[in-house]
Number of protein chains: 2
Amino acid sequence: MARPRVVIVGAGFGGLAAAKRLRRADADVYLVDQRNHHLFQPLLYQVATAGLSPSNIAVPIRKIFRNDQNINVVMGRVESIDTERQHLVAAGRAYPYDYLVVASGAATSYFGNDHWADIAPGLKSLADAIEIRRRILLAFEAAELENDEAARRAALTFVIVGGGPTGVELAGTIAEIARTSIQRDFRRIDTRTTRVILAHGDDRLLKGYHEKLSDRARRDLIDLGVEVRLSARVINVEDDQAQIRDGNGETSSIQAKNIIWAAGVRASSLVASLDCETDRGGRAKVEPDLSIEGRPEIFVIGDAATIDDPNTGEPVPGVAPAASQMGQHAGNIIRNALRGSTARPAFKYLDKGSMATIGRAKAVADIKGLHFTGLVAWLMWGFVHIAFLVSFRSKLLAMIEWVWLYLFFSRGVRLITGNAHPDVHQPLGEPIDLNTPNEQTTAPVH
Amino acid sequence: MARPRVVIVGAGFGGLAAAKRLRRADADVYLVDQRNHHLFQPLLYQVATAGLSPSNIAVPIRKIFRNDQNINVVMGRVESIDTERQHLVAAGRAYPYDYLVVASGAATSYFGNDHWADIAPGLKSLADAIEIRRRILLAFEAAELENDEAARRAALTFVIVGGGPTGVELAGTIAEIARTSIQRDFRRIDTRTTRVILAHGDDRLLKGYHEKLSDRARRDLIDLGVEVRLSARVINVEDDQAQIRDGNGETSSIQAKNIIWAAGVRASSLVASLDCETDRGGRAKVEPDLSIEGRPEIFVIGDAATIDDPNTGEPVPGVAPAASQMGQHAGNIIRNALRGSTARPAFKYLDKGSMATIGRAKAVADIKGLHFTGLVAWLMWGFVHIAFLVSFRSKLLAMIEWVWLYLFFSRGVRLITGNAHPDVHQPLGEPIDLNTPNEQTTAPVH
């Protein structure tokens with residue numbers, strides 16, 4: 001009998017967790033991602049605001065699995081999935097599967113206005129973060145050179161669309177940078193006059209947190225000089241201008257050179273090719289065991305899936321720990337199935353709590369019904385994330401690492417941040433006939 | 001009397017040194033650069049080979065001068081210089097000067113074959129380094145996915161054109177990465193079969209070093225598996241192919257997806273607009289005091305200039321210490337002139353020695369006639385450069401820095417690596433009439 005194959009799409013928190021469960025399993029695992037790195041998304045806003053380097057929050061996928069001979073990392077975009085014949089095509093090659101885990105994540109959603117993307121970038125990838133960082137930094141440079149007062153005001157105006165954790169963190173950090181970090185760097189402008197507007201459609205920030213914390217976040221942002229607009233919808237985005245409709249129905253135009261979109265996400269379009277039921281955000285409605293209806297060999301996890309938490313009846317939130325837990329769950333089922341078990345336990349989400357920073361000594365944390373704010377919450381946040389950074393890619397040892405680079409031949413900064421997939425000009429050798437999925441000829445040579 | 005103005009073009013080693021000499025001088029200094037950061041170029045190859053992060057070797061220019069109120073940093077490309085009316089135009093604005101320091105550096109030269117640039121990038125900027133890093137990393141990814149043996153060989157073949165320090169360092173490092181760092185990361189290819197070819201036009205590597213060291217560098221590279229071709233000229237570059245004419249007149253074609261150009265530089269085209277005598281590389285032939293003939297108010301320094309060392313009769317080499325020394329020299333003359341001195345001493349180059357690394361425990365150093373090789377030279381190289389990194393942007397303290405970011409409001413990673421100049425859509429306020437260089441209207445508002 002041929003050795004079973006597991007294909008995992010996406011090396012985010014979900015896909016990574018699933019692959020780790022399949023280390024040394026009696027199967028060939030193919031982990032397909034269009035990027036060569038796993039990204040610690042919760043700190044992506046720190047890259048966008050120049051607090052961290054890209055290499056601090058990203059790690060090459062190959063490095064994670066270098067010692068796992070049964071795990072094959074494939075850098076390539078998934079082009080199609082054939083659920084009947086059980087294979088997918090990525091980077092021009094067919095990968096048959098016995099089990100498929102779709103952990104393809106979410107993309108920024110402009111609610112049908114995709115043409116806003118150029119003006120108002122979202123924050124989902126390292127490339128996004130570097131682009132937003134570039135725009136933020138260039139805004140101050142442009143203002144410094146600008147003579148026209150109105151144009152200078154527009155250059156120094158930031159509109160952040162969406163008041164979830166990313167929007168709150170971006171708004172607070174940009175306000176702090178403008179008011180304190182770079183104040184002495186310029187000669188012709190006073191960066192403290194920078195306007196940061198956070199427009200949020202809901203009537204409170206940080207949905208999913210306790211109301212008390214939502215309100216505290218709002219007050220903390222106001223303290224930092226952010227203009228928080230609740231029940232405010234961005235109804236149009238144009239070059240240098242955002243139109244906002246406030247809760248009272250009034251519409252206003254804000255002249256702003258800098259608009260950042262943190263308002264919505266929708267599941268990767270790959271989910272649509274699975275032919276399963278989806279919600280409005282394009283997420284697959286999965287069974288209790290995270291497989292899709294009628295396809296027990298296909299699991300959809302993380303931001304690509306939606307499932308209600310049996311404890312609360314609420315949907316499991318689209319956060320990193322939930323994706324990891326789902327990945328572990330799917331990985332466990334597959335690992336056990338490879339050993340002959342038919343057990344299909346239901347997924348249970350363990351909510352360890354939520355945290356969001358707002359600025360220096362300002363954060364909110366909602367942990368199993370306990371609420372923390374201010375310095376205490378910020379120290380908790382810092383402790384958790386510094387612990388992560390040290391384990392993930394030791395900053396403390398970065399210097400030593402560089403010396404050891406030579407002594408032990410290990411390289412950390414292997415990040416491809418430009419074009420996201422290999423620039424293969426040539427057809428990929430022998431053409432692969434997708435109509436005859438004979439394992440001998442269509443499978444990647446191992 | 002109006003306050004004197006000094007305009008410095010370029011914030012490399014030369015321009016930076018000149019500007020530092022003019023801190024708190026009784027003059028307004030404008031330091032113009034198209035990028036927002038100063039770059040430690042000698043370690044640029046480390047970014048290109050994923051050993052260091054961009055932020056480790058770059059520092060925002062504004063940060064360096066944040067406490068020097070008389071120094072204005074202008075991020076913009078210099079469009080023209082009017083030596084008659086004594087002003088230059090950058091980013092749409094006119095900057096009059098009493099003294100001008102041109103430290104605009106050098107660009108990669110393809111000896112008249114500029115169309116090779118897309119295929120064979122040079123290594124002069126962070127953007128170049130990130131692009132080369134991307135190509136090196138993608139080469140292995142493409143090879144892993146490739147079925148055709150010839151195409152796979154081409155993907156795993158690197159041609160480095162030029163055997164100066166950059167070419168030697170790139171060739172040695174790429175060979176080392178392929179043979180040791182990433183060997184276990186792939187499943188279908190053996191990265192140790194990677195070919196690295198160093199083609200050098202001269203009959204020895206590292207011109208300017210002692211012959212003994214040139215030969216040692218060659219042997220060290222061969223030990224690392226690099227094919228060193230001396231007296232070998234690259235006569236054509238095409239997609240996936242480099243044509244080389246060897247010393248014996250034979251021409252061969254090498255199938256290679258990865259070609260990196262480290263062969264030549266020429267002075268920035270700005271020098272041409274100064275209307276002074278230049279050498280074949282476009283460098284200004286400067287007077288002993290580093291000014292140009294007939295224009296005592298204009299200094300050209302660093303890679304933009306050429307001058308013979310009075311001690312040796314040889315041209316001062318195009319290296320960072322020489323540029324720094326020239327910047328200090330020009331800065332001193334201007335500072336003294338602002339105080340009424342007319343002294344114009346001649347520039348003297350102090351050669352502190354040269355070092356190049358080849359790989360782990362492999363380097364050569366030529367210091368005041370003393371020659372060092374192997375581990376000793378490598379430890380010297382490491383000591384000098386680690387000392388630099390610690391002072392330049394402490395890696396050891398990077399972790400603490402990130403915490404202090406919040407405590408003391410300082411941000412290190414403010415690097416713009418995409419488009420190199422502000423994306424100013426609007427005309428820059430009031431039009432500036434370049435025909436009436438009245439200081440009141442043409443000068444930037446301060």
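The figures here come from the full heavy-atom set of this structure, side chains too, leaving out hydrogens, waters and symmetry mates. Below, chains carry the letters A, B, ... as their sequence lines are ordered, and counting in each starts from 1.
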Next on the checklist: Give me the atom names and distance for the closest heavy-atom approach of B/Phe140 to B/Ala178.
Outcome noted: CZ-CB, 4.1 Å
Next on the checklist: The criterion is side-chain hydrogen bond (donor to acceptor under 3.5 Å, both in side chains); which residues satisfy it with A/Asn258, sequence neighbours excluded?
Outcome noted: none
Next on the checklist: Quick check for you: among B/Val47, B/Ile136, B/Val73, B/Asp68, which has the greatest number of heavy-atom pairs under 4.5 Å with chain A?
Outcome noted: B/Asp68
Checklist entry - With only heavy atoms counted, which part of A/Ile71 is less than 4.5 Å from chain B, the side chain, the backbone, both or neither? => result backbone
Checklist entry - Under the criterion side chain to side chain contact (heavy atoms under 4.5 Å, CB included), which of A/Arg187, A/Arg184, A/Glu144 is the partner of B/Arg62? => result A/Glu144
Checklist entry - For A/Gln241, what residues pass the side-chain hydrogen bond (donor to acceptor under 3.5 Å, both in side chains) criterion, not counting sequence neighbours? => result A/Gln255
Item to check | Residue B/Ile61 versus chain A: region with a heavy atom under 4.5 Å | outcome: neither
